[in-house]
Amino acid sequence: MRKLIIFDTTLRDGEQAPGFSMTVDEKITMAKQLEKLGVDVIEAGFAAASKGDFEAVNGVASEVKDSIVCSLARALESDIEKAGEALAPAERKRIHTFIATSEIHMKYKLKMSPDEVLERAVKAVKFARNFTDDVEFSAEDAVRSDREFLFRVFEAVIDAGAKTINVPDTVGYSVPEEFGNLIKDILNNVPNIDKAVISVHCHNDLGLAVANSLSAVKNGAGQVHATINGIGERAGNAALEEVVMAIKVRKDYFNDVYTEINTKEIYKTSRLLCRLTGSFVQPNKAIVGDNAFAHEAGIHQHGLLAKRETYEIMRAEDVGVPSSKIVLGKHSGRHAFKTRLEELGYKNLTEEEIDRLFARFKELADKKKEVFDEDIEALLFDELFKSYEEAKLIQYQVVTGDKAIPTATVKVSVDGEEKVATACGDGPIDSALRALEKALGVKSRLKDYTIRSLSHGKDAMGEVRVIVSFEGNEVSGKGISTDIIGASLKAYLDAYNRYSAKSLFMEKKIQEGI
Ligand code: KIV
Ligand code: ZN
C-alpha cells in the first residue's frame, strides 16, 4: 500500500485569495484543527511575504506537533532565510521553494534564461538544506513547461537535496489524462526520481483540480497539495475533502493508496474555516455542502429507506456531519453548557472563557427558544476570535416601514468615548450602517454584503458578512445576532476594527522605521 501524503495549503494558497485572509490567531486555530484532521504537512504561509505571514508561520511552528510545518519561499536566499527563521520552533519543518519553469514565465516574468533558472533552483535547494533536510521544490507552471527542461530541472534539484518535487498546474490548464501522463513521464524520464516524492498542486480554473490530482495519484504521485473547501487563488485549489473521500470511497479503484486523514474531522474543519473567514460553501458543494447528504426526491427517500446504499455512497457520519440537536434552552445551567461544549470538541477553554460564553448563551436563550449546536459554535467563534476592538456597539434603534423613511440611531463607544449619530437610508440596514459610519466619523464603501441563517426556525441567528473598503483598503467583517440589523452593525464594526488594527500596525511600523 502507498500512503498518499496530504499537504494542506489552506493557510498559504487558500489564505492569499481575496476574502479569505485570517489573523495570526485565526491561522493558529485553523492549523490546530488541520493537525487534528491528520494532514501530513501544513503550509502555514509565506514567511517572507509580510510580518503577519512570518508571525503566522512562526506561531504555527510553535503550536503544531504532529504535522510537518512548512513555509513557502521564492528561490532566493533572503526568502529561504526568513522561512528557516520562522520555522525554527517546529518539531518537524519543511521549506518549500519555487521558481517558474515555463517559457512564458521565464521570459516575461523572471526575465531569465532557462539555464539561469536551473542554476537558481539548485542554489535555492542547497541553501534551504542548511535549515532542514526536508526541502520541497516546485516548478511553477510545470504544466506549460517544456518537458525536457522540466525533467532536467527536477533531476538537478533532486541531486541538490530536494526530497519532494512538486508539479503545479499553476493556471488550472490541464485535463486529467494529460496530467496523469505528465506524472508518468516524470517517473520514466527523471533518472534519480526514486530519491524523491512526486507531488502535485492543481488549480481549479476549469473545474478539474480534483480530477487532475486523482489522475496524478493513479499515475504514481505520492503527495497532493489541497485546501479545505477548495479555497485558493482564482477558482481555488483541489478540495482536500474531495480528494480524500474519493480515495476512501473508491478504494476499489485506488486500490494501493490510502491517506491517514481522520475523515470524521472533515466537516468540523470545513465549518471552522467558514467561521474564521466569514465565507460560505455553496449548498451543493461535494462532501461539506448543506445538501451533500440531503435526499429530497420521494423516489430517493423510498430507496434509502429500503436500502441506504441505493442512493448513498458514503455516510454523513463518515465526514463528521452532526445531526442537528436541540441541546439547551434558557433553563440550562453552566454545567450543561460546559458539557455540551466539551462534547462538541471544545475541551481546552479556560473557566473565564466559559463564563463569558455562558453569559452570551443566556442572553441568546432568552431570545430564542431552542439553542442548536450551530448557535453555540457561532457564539464561540464570535466571542473568542474578536479582532482588536477599538469600537463597540452600545445601542441602536431603527424606524422603518413601507410608508416611513427608514431612520436609524446608533450609539458606539470608540476607545472608551461614546458617540451617537442618526441617519436616513433606503432601508433599515442602509440607514443603520450610514448612522454607524457617521458615529465613527469614517468614509467607507460597502463592497459586499451577505446574510444567512445559522440554524433552524424563524428565530434562528443570522450571520452577516461584509466586505468594506476604507480608503481603498478592502476589509472583511462578520457579525451574528438574532436581529439582522444587529448582525449587520456588528459585521461592519468587525471590519472597522480589523481596519483600525491594521492601521495601528502600519503606524507602528512607520515609527519603528521598518
Ligand atoms: O500555483 C502555484 O504554482 C503555486 C506554487 C507556489 C506551488 O502556488
Ligand atoms: Zn497555487
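As the structure lists them, so they are numbered: ligands from 1, and atoms in each ligand from 1. In what follows, residues are counted from 1 in the order of the sequence shown.
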Which residue and heavy atom of the protein sit nearest atom 3 (O) of ligand 1, plus the separation: Thr170 OG1, 2.6 Å
Ionic contact status for Asp133 with Arg129, cut-off 4.0 Å: yes
Residue pair Asn192 / Asp159, side-chain donor-acceptor N/O under 3.5 Å: yes
Backbone or side-chain N/O/S of His201 under 2.8 Å of the Zn ion (ligand 2): yes
Ligand 1 to His201 polar contact by distance, N or O atoms, under 3.5 Å: yes
Atom 5 (C) of ligand 1 [closest protein heavy-atom partner, distance rounded to 0.1 Å]: Arg12 NH2, 4.0 Å
Short N-O contact, Lys163 and Asp134, less than 4.0 angstrom: no
Pair Arg144 + Glu103, salt bridge at N-O below 4.0 Å: no
Ligand 1 atoms in contact with Pro168 (distance to a heavy atom under 4.0 Å): 3 (O)
Distance-only N or O hit between ligand 1 and Asn166, under 3.5 Å: no
Aromatic ring pairing His225/His96, orientation class (parallel under 30°, perpendicular over 60°, tilted between): perpendicular
Which of the ligand 1 atoms, numbered from 1, are nearer than 4.0 Å to a heavy atom of Glu140: 3 (O)
Axial cation check for Phe470 ring with Lys443, 6.0 Å and 45° limits: no
Identity of the N, O or S atom of Asp13 lying closest to the Zn ion (ligand 2): OD2
Polar contact flag for His203 and ligand 1 (N/O pairs, less than 3.5 Å): yes
Residue from Lys93, Arg94, Arg12 passing salt bridge (charged side-chain N to carboxylate O under 4.0 Å, His left out) with Glu43: Arg12
Any donor-acceptor N or O pair under 3.5 Å, side chains Glu471, Tyr499: yes
Numbered atoms of ligand 1 (with element) below 4.0 Å of Asp13, judged on heavy atoms: 8 (O)
Ser138 N/O under 3.5 Å from ligand 1 N/O: no
